[in-house]
Amino acid sequence: MTETTIPILPCRTVQPVLDFYTALGFEVTFQQRSPHPYAVVERGGIQLHFFAMKRYEPAESYSTCYVRTDDVDGLHEVFRAGLKAAYGRVPTRGLPRIGRLTDTSHGMRQFLVTDPGGNCLRVGQQTSQSAHHRPAPEGTFPRALHYSSLFADSREDPAGAARIIDRVLRAEDEQPTPVQLLRLLVLRADVAGRLGDEETARSALARAAAVHLTERERESVRDDLERLDDLARPDGLERLDEPERLDELGG
């Protein structure tokens, strides 16, 4: 026997969701407008179904599914490029949005992408045979990185991540290594942007850019340096006085 699981996800209106997935490289393979709005998108082995609900609030959605791939870095790059082409920039907060690549404590390298309907796709590649969470590391700063990353990227709680980072960086009796400091500051800039705190984001970016690293250290934080470059671009952080164009596009 062969079985297939297909998620059926809600949205307020179907068309903005279809536009979003088209930007990601999906094909709309079915669309029904009456009696009930319903649609299907497909990309490779991924098939997603959507139905519209009038009394539905995307910002309060907990709908999610997991997509496993053997090239998470490549898919992340393709998705980011498609969103930038469609929206003029890579959306990292509000709806829709795409998150950063992270190596989780349960043996997956993954990123999160959330559509205009508030549905979250966790896209990941297995990096370990064990699916159990590794214990939190020892040491003040490794533990802070562990938990702040968990809050930011798995629980989608940027405010919680910000509190952890701010508390540990205020410590006076212990100092992080350059690598630890850079990673904490890049994540702090990232979550500040998601929270709309442009001043803190720019301050954290400036501090991160000033951290001196050896070539070996730079290689060990390649993902963080790429995220730093991304956030430091002119369109990396939205102006707070601009309208939330992406939210409007998302319906």
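Along the sequence shown, residues carry numbers from 1. Basis for what follows: all heavy atoms, side chains included, without hydrogens, waters or symmetry-related copies.
No more than 12 heavy atoms of other residues, nucleotides or ligands shown are found within 6.0 angstrom of OH on Y62. No more than 12 heavy atoms of other residues, nucleotides or ligands shown are found within 6.0 angstrom of CD on E138. E174 CD: more than 12 foreign heavy atoms inside a 6.0 Å radius. Around the CD atom of Q32, the shell of radius 6.0 Å holds more than 12 heavy atoms that belong to other residues, nucleotides or ligands. When the shell of 6.0 Å around CG of D70 is examined, it contains 12 or fewer heavy atoms from other residues, nucleotides or ligands.
Taking both residues in full, the closest heavy atoms of Q175 and E172 are given as NE2-O, 4.2 Å, listed atom of the first, atom of the second, then distance. Here the closest heavy-atom approach between residue L185 and residue A208 is recorded as CD1-N, 3.6 Å. A pairwise comparison of heavy atoms in P142 and P137 identifies O-CG, 3.4 Å as the closest pair. Summarising the geometry of T64 relative to C120, their closest heavy-atom pair is OG1-O, 2.8 Å, with the distance given to 0.1 Å. Of all the heavy atoms in L95 and A59, the pair that sits closest is CD1-N, 3.9 Å. Closest heavy-atom contact between R194 and A152: NH1-O, 2.8 Å.
Using a distance-only test at 3.5 Å, with no hydrogens or angles considered, a donor-acceptor pair links the side chain of Q125 to the main chain of V72. Within the 3.5 Å criterion, the main-chain N or O of G99 finds a donor-acceptor partner in the side chain of H76. In this structure, the side chain of T114 does not engage the main chain of R97 through any donor-acceptor pair within 3.5 Å. Listed for the D115 side chain is no donor-acceptor partner under 3.5 Å among the backbone atoms of P96. Of the possible donor and acceptor atoms, one in the side chain of T104 sits under 3.5 Å from a partner among the backbone N and O of H106. In this structure a side-chain-to-backbone donor-acceptor pair under 3.5 Å is missing from R109 to D103. For S61 (side chain) and P58 (main-chain N/O), no donor-acceptor pair under 3.5 Å exists by modelled atom type.
For the atom pair R227 CZ and T102 OG1, the distance stands at 11.5 Å (nearest 0.5 Å). Atom OG of S148 and atom CZ of R188 lie 10.5 Å apart (nearest 0.5 Å). Atom CG of L83 is separated from atom CG of L24 by 5.0 Å, given to the nearest 0.5 angstrom. Atoms CG and CG, from D190 and D230 in turn, are 9.0 Å apart once rounded to the nearest 0.5 Å. In this structure, CZ on F50 lies 7.5 Å from CG on L18, to the nearest 0.5 angstrom. Between atom CG of residue L213 and atom CG of residue L182 there is a gap of 5.5 Å, rounded to the nearest 0.5 Å.
Between R100 and D224, the closest side-chain pair of non-hydrogen atoms falls below 4.5 Å. Taking the side chain as every heavy atom from C-beta outward, Y66 and Q110 approach each other to under 4.5 Å. Here the side chains of L187 and F151 are not in contact, with every heavy-atom distance at 4.5 Å or above. Taking 4.5 Å as the limit, every side-chain heavy atom of T177 sits out of range of all side-chain heavy atoms of E217. Proximity of P37 to F51: side-chain heavy atoms (C-beta onward) are nowhere separated by under 4.5 Å.
Pairs passing the salt bridge (Lys or Arg N to Asp or Glu O under 4.0 Å) check and including a residue from residues 26-54, sequence neighbours excluded, do not occur.
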TODO: Please test L145 against V168 for side chain to side chain contact (heavy atoms under 4.5 Å, CB included), starting from the C-alpha separation and ending with a verdict.
DONE: CA-CA 10 Å; L145 280 165; V168 75; over 6 Å; no
Task: Evaluation steps, side chain to side chain contact (heavy atoms under 4.5 Å, CB included), between V41 and I46 - done: CA-CA 8 Å; V41 299; I46 309 170; over 6 Å; no
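Note: Y21 and F26 have perpendicular aromatic rings, judged against thresholds of 30 and 60 degrees for the angle between ring planes.
Residues V113 and V67 share a hydrophobic cluster, clusters being chains of Ile/Leu/Val/Met/Phe/Trp/Tyr side chains in contact below 4.5 Å. Tracing side-chain contacts under 4.5 Å through hydrophobic residues (I, L, V, M, F, W, Y), one reaches L228 starting from L181; they form part of the same cluster. Clustering ILVMFWY residues whenever any of their side-chain heavy atoms sit less than 4.5 angstrom apart, transitively, puts V186 in the very cluster that holds L205. Hydrophobic clustering (ILVMFWY, side-chain heavy atoms < 4.5 Å, transitive): Y38 and L48 are in distinct clusters. Follow the hydrophobic side-chain contacts under 4.5 Å out from F141 and you reach V221 in the same cluster.
With sequence neighbours left out, E226 forms a salt bridge (charged side-chain N to carboxylate O under 4.0 Å, His left out) with R222. Among residues two or more places apart in sequence or in another chain, the salt bridge (charged side-chain N to carboxylate O under 4.0 Å, His left out) test is passed with R122 by none.
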